[in-house]
J.: 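Below you'll find the structure I mean.
All chains are named by letter (A, B, ...) in the order of the sequence lines, taking the proteins before the strands, and each is independently numbered beginning at 1. All values below were derived from every heavy atom in this structure, side-chain atoms included, with hydrogens, water molecules and symmetry-related copies excluded. Everything quoted here is computed from the prediction, not taken from an experiment.
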Amino acid sequence: MADEHVLICVAWPYANGPLHLGHVAGCYLPPDIQARFERARGNRVLMVSGSDEHGTPITVTAEQKGINPQQVVDEYHAINSKALLDLGCSWEPNIDSRGVEYGGSLFNRTSDPMHKEIVQDNFTSLMNAGLFERKTTQQYYETNNEGIGRFLPDRYVEGICPSCKEDGARGDQCDACGATYESTELQNPVSKMNPQAKIEIRDTDHFFYRLDLFQQALQQHASERQTVWKSNVRAMTKQWLDMGLRSRAVTRDLTWGIPLPLEGDEWSGKCVYVWFEAVQGYYSCAKIWSQRHAIDAGHPSGQDAWKKWWCVSKDGTSPRHLYFLGKDNIPFHTVIWPALILGINHAAKGLTASDSIEMPANGDLALEANVPAMEYLMLSGGQFSKSRKHAVWLPSFLERYNADYLRYYLSINMPENHDTDFNWPDFVEKINSELIAAYGNFVHRVLTLGARLPSGERGPLAGIEVAELTEVHRLKLEEIHAMITDSLNRHRYKEALRHVMSAAQYGNQILQAATPWKYLKTEDDSNEKIQSLSTLAFGWRLSRFLAITSQPFLPFSSVKLWKALGQTGDVSLVSWDDAINWQVPMTWNEEDPTPLFERLDLEVILESEKSLATNADATENNPISAVKGGKKSKKDSEKMNEAPEGITYLDFETFMEVDLRVGKIMRVEDHPNADRLYVVKIDDGSDAERTICAGLKKYYQPEEMVGKSVVFVANLKPRPLRGVTSEGMMLAADDGKDGVRLVTIDGDIATGSQVR
RNA sequence: AACGAGGUGGGGUAGUCUGGAUAUCCCGUCGGGCUCAUAACCCGGAGAUCGGUGGUUCAAAUCCAUCCCUCGUUACCA
């Protein structure tokens with residue numbers, strides 16, 4: 001299938017923090033493997049992605065850091081694009097080394113003015129085609145002390161749930177009872193970012209994309225993809241389509257984003273909603289690549305070069321579009337983005353909402369060919385989390401370890417079908433006992449054995465090869481080659497790399513059987529010797545096979561091996577099928593062979609990761625400083641407004657506002673509707689009993705607690721916890737591991753006594 | 001608790017959509033071999049009632065039902 005146009009679309013990393021290994025395994029490594037493979041097969045590959053730089057979280061980060069949003073995204077765009085290059089991802093050069101007609105790559109950013117222009121153009125044409133509808137909605141609007149107002153996204157508003165009266169419900173959904181409602185129904189709304197601000201509800205007009213018009217076309221598309229999509233992609237898409245598609249807002253009251261291409265004051269302070277904008281990056285990025293790179297490099301189609309990768313050609317063939325992303329992103333790429341592409345095609349033909357939606361035909365933008373979405377990579381059993389600092393950051397990892405080690409480990413352990421786990425012992429073991437012991441060792445055996453033989457014009461091995469004697473090995477490798485190719489075509493990276501490794505294993509087997517070391521010095525010309533050394537010579541060919549087939553996975557080592565074999569040129573430009581070209585004249589590198597890899601030492605690594613974890617707390621502001629998560633902790637859930645790092649001193653007055661008192665536990669009951677909660681009745685010295693909900697089930701039996709005199713916070717704002725109002729909080733000590741013990745009173749004292 | 005994912009030798013995994021004969025591979029373990037090679041390599045053995053139960057079928061790891069358990073998200077929490 002050479003000469004195909006393949007567009008590799010990589011999910012746009014959000015420029016609000018550095019990338020971690022979870023991101024790499026999920027969406028940044030697989031597309032690079034695929035792109036390298038496709039290039040080697042002779043296909044024309046354009047790879048596109050970039051930093052997603054708009055949206056509210058970035059403005060929040062900017063506020064917290066006291067800088068402007070552009071500075072935030074500049075910083076992370078620089079860090080992340082460098083990290084991806086260091087990982088060997090082929091974002092450079094922008095023009096394919098084989099020539100511009102073969103494509104290239106561009107890691108762009110959404111703050112690019114040209115991206116903005118393209119998004120605005122699409123916005124206008126979709127609107128003119130009648131694919132938007134305008135609706136008036138109610139949104140929260142806060143006014144702070146300086147009298148400056150802004151609209152608040154739902155997730156930045158909290159209040160009391162209209163259905164269960166739970167406090168702390170989010171703007172559009174109550175997590176306690178699961179009810180969803182119009183955000184305006186929320187009672188006592190408070191801004192999470194700015195709790196003192198005055199909040200009111202204002203009418204605001206927005207445009208909605210008529211996704212409903214595309215229901216049928218998308219169902220057809222999904223059914224056509226049944227056989228190629230992975231099960232997770234099928235399931236997620238089906239869920240969306242079964243629910244029935246509804247129109248979806250494409251504009252927001254937002255300051256950091258792309259302004260609407262509309263006249264009139266009523267639209268100021270509104271931007272294109274990020275979901276609508278960021279997916280268009282795949283399209284804008286291809287156009288920008290044409291404009292900035294393909295023209296200068298002399299692509300025959302000039303600024304229309306992008307069409308080769310985007311449009312269905314005259315003879316009806318579509319470019320092959322592959323989208324790489326994590327599982328949380330699936331519906332955006334199988335439902336929403338295809339609906340936008342269909343809409344853009346529709347509008348371009350001058351059709352309107354009343355015309356039926358057609359699938360792409362000649363000249364139209366093509367839909368995806370496959371979306372090989374990944375599950376998640378976990379870290380020591382827990383999820384990667386920025387706020388919990390449970391992560392291994394890509395930049396810091398690459399400072400200390402070989403990029404190919406990471407590429408190997410994440411490939412062989414890729415979360416293709418279910419979540420997989422990253423942990424250091426497993427990492428060390430896989431690198432040492434698979435990559436090094438099997439692959440590295442085999443290559444090193446061949447080279448060092450060869451180096452002991454007298455060297456001829458083309459090295460020591462060229463003269464001792466008898467092709468007829470290695471027929472069976474050639475057939476074996478041809479078989480393996482076909483299996484690797486098949487696996488990669490089906491996006492089964494783990495399996496593909498296993499096949500590559502099996503070639504190295506095969507090499508070790510035949511060397512073992514041939515025992516060439518016995519014949520290094522003997523002078524005889526026995527058949528055994530000829531047979532044996534011929535196998536050794538084949539080891540060179542096998543190593544060359546490994547260099548070519550491992551190139552998509554291990555680009556750096558592949559280059560090193562290529563050189564060690566005395567081969568010249570760029571191994572990434574060598575044709576995939578040349579791995580099984582047995583006619584290639586042998587070459588030799590006369591320098592002493594050096595091992596491809598160095599073994600890892602687990603103890604050293606754990607020691608170094610530990611020290612990094614300790615330092616990291618102190619250097620939180622340095623985004624590339626490493627943070628190694630400790631034990632997994634489900635306790636501290638993410639919060640939007642994380643407390644600032646470091647020590648904050650408390651006024652004495654503030655402390656005294658906390659009213660601590662002594663109470664006696666009278667009764668302990670199970671909470672009817674919560675797993676971890678007890679409902680505790682306390683004698684607080686007053687006539688009435690006090691009810692406190694406590695999450696102590698894991699640590700105490702009810703009978704252990706009854707009768708204890710404990711300290712509780714008496715003036716905590718009462719709040720319903722899953723249906724039972726809790727009037728305060730008992731104090732307990734927590735060692736951060738699994739120990740939790742109540743604070744009790746030494747000796748007798750009246751209930752209700754103040755604690756100070 | 002709601003939603004999602006998953007349970008396959010000691011650990012990790014493939015196979016499950018599309019039913020088929022001795023259930024894959026890596027690590028570990030036991031025994032043997034080799035000594036070229038980075039405590040590396042090669043051969044062989046032991047070890048799995050494929051979470052439980054019931055059903056469909058000539059045939060179930062695979063399909064259906066039900067139960068149990070684990071993980072994730074959200075909720076909750078000293």
J.: When the distance from CD1 of Ile692(A) to P of C76(B) is rounded to whole Å, what number comes out?
T.: 18 Å

J.: Distance check needed: G6(B) P versus Glu375(A) CD, whole Å only.
T.: 8 Å

J.: By the 4.0 Å heavy-atom rule, please label Phe442(A) as base, sugar-phosphate, or nothing.
T.: nothing

J.: Does Thr594(A) or Ala438(A) map to a spot on RNA chain B nearer the 5' end, using the closest nucleotide for each?
T.: Thr594(A)

J.: Tell me, please, which residues at least two apart from Asp421(A) pass side-chain hydrogen bond (donor to acceptor under 3.5 Å, both in side chains).
T.: Asn423(A)

J.: Ala437(A) side chain: which of A40(B), C36(B), C27(B) is closest?
T.: A40(B)

J.: Looking only at side-chain atoms of Arg445(A), point me to the closest of U38(B), C36(B), C27(B).
T.: C36(B)

J.: Taking ring-ring contact (aromatic ring centres under 6.0 Å, His included) as the test, write out the residues that go with His23(A), two or more places apart.
T.: His20(A)

J.: Tell me, which pairs form a side-chain hydrogen bond (donor to acceptor under 3.5 Å, both in side chains) where one or both residues lie in residues 430-446 of chain A, sequence neighbours left out?
T.: Tyr408(A)-Glu434(A), Asp426(A)-Lys430(A), Tyr439(A)-Ser550(A), Arg445(A)-Asn508(A), Arg445(A)-Gln512(A)

J.: What integer number of Å spans the P atoms of C25(B) and C42(B)?
T.: 14 Å

J.: Give the stems involving RNA chain B, where a stem is 3 or more consecutive Watson-Crick or G-U wobble pairs (i with j, i+1 with j-1, and so on) under 3.5 Å.
T.: B:1-7 with B:68-74, B:10-12 with B:25-27, B:29-33 with B:41-45, B:51-55 with B:63-67

J.: Pick the P atom in G20(B) and in G72(B), then give their distance to the nearest Å.
T.: 33 Å

J.: For Gly440(A) and for Trp229(A), locate the closest nucleotide of RNA chain B by heavy-atom distance; then report the residue assigned to the nucleotide nearer the 5' terminus.
T.: Trp229(A)

J.: Report all interatomic pairs (protein N or O, nucleotide N or O of nucleotides 10-14 of chain B) with separations under 3.5 Å.
T.:
from	atom 1	to	atom 2	distance (Å)
A14(B)	OP1	His418(A)	NE2	3.2
A14(B)	OP2	His418(A)	NE2	2.9

J.: C1' atom, C30(B) versus U35(B): distance in rounded Å?
T.: 22 Å

J.: Is Met501(A) touching bases, backbone alone, or none of the nucleic acid, heavy atoms closer than 4.0 Å?
T.: nothing

J.: Assign Leu596(A) to base, sugar-phosphate, or nothing according to its heavy-atom contacts below 4.0 angstrom with the strands shown.
T.: base

J.: Roughly how many Å apart are C26(B) and C69(B), using the P atom of each and rounding to a whole number?
T.: 35 Å

J.: Any heavy-atom pair between the side chains of Glu465(A) and Trp540(A) that's under 4.5 Å?
T.: no

J.: Please list, in numerical order, the residues of residues 504-513 of chain A that have a heavy atom closer than 4.0 Å to any atom of RNA chain B.
T.: Gln505(A), Asn508(A), Gln509(A), Gln512(A)

J.: Calculate the interatomic distance between Leu520(A) atom CG and A37(B) atom C1'; express it in whole Å.
T.: 12 Å

J.: Within this structure, what is the CG-to-P distance between Asn441(A) and C41(B), rounded to whole angstrom?
T.: 6 Å

J.: To the nearest 0.5 Å, what is the distance between CG (Asp684(A)) and CZ (Phe712(A))?
T.: 4.5 Å

J.: List the residues meeting ring-ring contact (aromatic ring centres under 6.0 Å, His included) with His481(A), not counting sequence neighbours, and say none if there are none.
T.: Trp576(A)

J.: Taking only residues at least two apart or on different chains, which pairs with a member in residues 222-231 of chain A satisfy salt bridge (Lys or Arg N to Asp or Glu O under 4.0 Å)?
T.: Arg225(A)-Glu368(A)

J.: Considering only side-chain heavy atoms of Pro595(A), which listed nucleotide, U38(B), A37(B), C27(B), is closest?
T.: U38(B)

J.: With a 4.5 Å heavy-atom cut-off, do Met374(A) and Leu29(A) have their side chains touching?
T.: no

J.: Scan residues 589-605 of chain A for pairs that pass side-chain hydrogen bond (donor to acceptor under 3.5 Å, both in side chains), counting only residues two or more places apart or in two chains.
T.: Ser455(A)-Glu590(A)

J.: One pair to check against side-chain contact (heavy atoms from CB on, under 4.5 Å): Met414(A) and Ile33(A). What are the steps and the verdict?
T.: CA-CA 12 Å; Met414(A) 198 173 272; Ile33(A) 294 170; 4.1 Å; yes

J.: If we take the P atom in both G33(B) and U70(B), what is their distance in whole Å?
T.: 47 Å

J.: Side chains of Thr691(A) and Lys681(A): any donor to acceptor distance under 3.5 Å?
T.: yes

J.: Over how many whole Å does the gap from Glu434(A) atom CD to C41(B) atom C1' extend?
T.: 15 Å

J.: Rounded to whole Å, how long is the line connecting atom OH of Tyr439(A) with atom C1' of C41(B)?
T.: 17 Å

J.: Could you give the CG-to-P distance, from Leu497(A) to U24(B), as a whole number of Å?
T.: 21 Å

J.: Using the side-chain heavy atoms of Ile436(A), tell me which of these nucleotides is nearest: C26(B), C36(B), U38(B).
T.: U38(B)

J.: Among residues two or more places apart or on two chains, list those pairs meeting salt bridge (Lys or Arg N to Asp or Glu O under 4.0 Å) that have a residue in residues 508-519 of chain A.
T.: none

J.: Could you give the distance separating U62(B) and U16(B) at their C1' atoms, to the nearest angstrom?
T.: 4 Å

J.: If you measure from the C1' atom in U13(B) to the same atom in A61(B), how many Å do you get, rounded?
T.: 14 Å

J.: Taking only residues two or more places apart in sequence, or in another chain, which ones meet Phe442(A) in a ring-ring contact (aromatic ring centres under 6.0 Å, His included)?
T.: none

J.: Using the ring-ring contact (aromatic ring centres under 6.0 Å, His included) criterion, which residues pair with Phe422(A)? Sequence neighbours excluded.
T.: Tyr409(A), Trp424(A), Phe427(A)

J.: Please give, in whole Å, the distance from C17(B) C1' to Arg490(A) CZ?
T.: 13 Å

J.: Confirm from the modelled atom types if Arg234(A) and C17(B) form a donor-acceptor pair under 3.5 Å, side chain to base only.
T.: yes

J.: Expressed as a whole number of Å, how far does the C1' atom of A14(B) sit from that of C58(B)?
T.: 28 Å

